[in-house]
There are 2 protein chains.
Amino acid sequence: MDKQLDNRLQTRNIKPTAMRQLVLQVLSEQKTAISLPELESKFENADRSTLYRTLKTFEERKLIHSIDDGTGALKYAVCHEKCDCHPEDLHVHFYCIKCKNTYCLTDIPVPEINLPVDFDLESINIVVKGVCANCNI
Amino acid sequence: MDKQLDNRLQTRNIKPTAMRQLVLQVLSEQKTAISLPELESKFENADRSTLYRTLKTFEERKLIHSIDDGTGALKYAVCHEKCDCHPEDLHVHFYCIKCKNTYCLTDIPVPEINLPVDFDLESINIVVKGVCANCNI
DNA sequence: AATGTTTATGCAACCGGGTTGCAAAGTTAA
DNA sequence: TTAACTTTGCAACCCGGTTGCATAAACATT
């Protein structure tokens, strides 16, 4: 039981059940964002709806964020510690058409976008598609 | 049979069948992007797979482009006349969480994004979520 | 016009991600 | 210990997307 991960659950007001600890652990180990079906396959016998609800809870409490990379399955990745998922907190995502991985480009904040008058901004989803450095040999 | 729409099919090398003319007509009438299920409901008795394949063909030939706005259903909108769907041609999209419409903000080009070294860019999907001017009374 | 070839359409069936209702198990508070 | 609430597991479902296959339509060639 990783004390640090447990803390992250606590500070986000999520009761640290065994299941949730495991899920957070798996999520933390990923270098790229992961989908519900992928998460499912990391466990021998975990129930899909439980994992589903766990992800939803995590997302609601802003422990993780979701990325719609256009593959048909939502991807999830852990937020940075102080993230509130406000526009200033958001970053660009990159989907590699070769290895099919979705990266959080945490160093690249979403650019400012000037909406037409009377349009209110709430969030921005940016997915850049192309070939990642690993596949670009 | 609108001569202009017919021309747009021709110049994109799409044989102007009755079905395709109708679909293009409907698409052209929309002020916001439309999904396959929505398109389906605009016809009394059209086959889903035919509409599906029509959209695919249109998209392939760059007569229309698709937007993944995160609602679970791809949305489609007609491209501007000279569009090649290259990054320079792309614009920002806006999804209104109130009226659930997806707008093409054709006046707002996608901003330039500096990827990490060795990352190759192919396309960019930007969806801004918020409240649109119509809903913002 | 008759033939063969290609293309488009319609139908049915399927797939996969997401989602929900409900009952059982577990946790917490009184 | 009991009652109230939360989490989990199971089953079932929904819906958008997709495909195989047979028919129909369009096109080209003789």
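Keep in mind the model is a prediction, meaning the values are calculated, not measured. For the numbers below, each heavy atom of this structure counts, side chains included, while hydrogens, waters and symmetry mates do not.
Using a 4.0 Å heavy-atom criterion, one finds that A:K56 contacts the sugar-phosphate atoms exclusively. Residue A:S35 is classed as having no contact, given no heavy-atom separation below 4.0 Å to the nucleic acid. Contact annotation for B:T50: base contact, defined as any heavy-atom pair under 4.0 Å involving a base atom. Among the heavy atoms of the strands lying under 4.0 Å from A:R20 are primed sugar atoms or P, OP1, OP2 only; no base atom is included.
Side-chain contact of B:D68 with B:N125: a donor-acceptor pair under 3.5 Å is absent, judged by distance alone.
Placement of A:F119 and A:L90 within a single hydrophobic cluster is found when ILVMFWY residues are connected by side-chain heavy-atom separations under 4.5 Å, directly or transitively. Tracing side-chain contacts under 4.5 Å through hydrophobic residues (I, L, V, M, F, W, Y), one reaches A:L5 starting from A:L39; they form part of the same cluster.
Taking atom CD1 of A:I14 as the reference point, atom P of D:dT8 lies 11 Å away to the nearest angstrom. If you measure from atom CG of A:L51 to atom C1' of C:dT19, you get 14 Å, rounded to the nearest angstrom. Rounded to a whole Å, the CD1 atom of A:I34 is 13 Å from the P atom of C:dG17. As a whole-Å value, the separation of A:M19 CE from C:dT27 P is 14 Å. One interatomic measurement links the two molecules: CG of A:D47 to P of C:dG18, which rounds to 15 Å at whole-angstrom precision. When the P atom of D:dG16 is taken as reference, atom CD1 of B:I67 falls 17 Å away, rounded to whole Å. Going from atom CG of A:L36 over to atom P of C:dG16 covers 14 Å, rounded to whole Å. Per the geometry, CG belonging to A:D68 stands 13 Å off C1' belonging to D:dG16, to the nearest Å.
If B:S49 and A:L74 are placed on DNA chain C by their nearest nucleotide, the residue sitting closer to the 5' end is B:S49.
Applying the 3.5 Å distance criterion, the base of C:dG10 shares a donor-acceptor pair with the side chain of B:R53. Residue side chain A:R48 reaches the base of C:dG18 through a donor-acceptor N/O pair under 3.5 Å, judged by distance alone.
Ring geometry for B:H65 against B:H93 counts as tilted: the plane angle lies between 30° and 60°, on a 0 to 90° scale.
Contact annotation: the side chain of A:N13 approaches that of A:R61 to within less than 4.5 Å [non-hydrogen atoms, C-beta and beyond].
A close approach under 4.0 Å does occur between a side-chain nitrogen or oxygen of B:T17 and OP1 or OP2 of C:dT9. Of the side-chain N and O atoms in B:Y52, one or more sit less than 4.0 angstrom from OP1 or OP2 of D:dT18.
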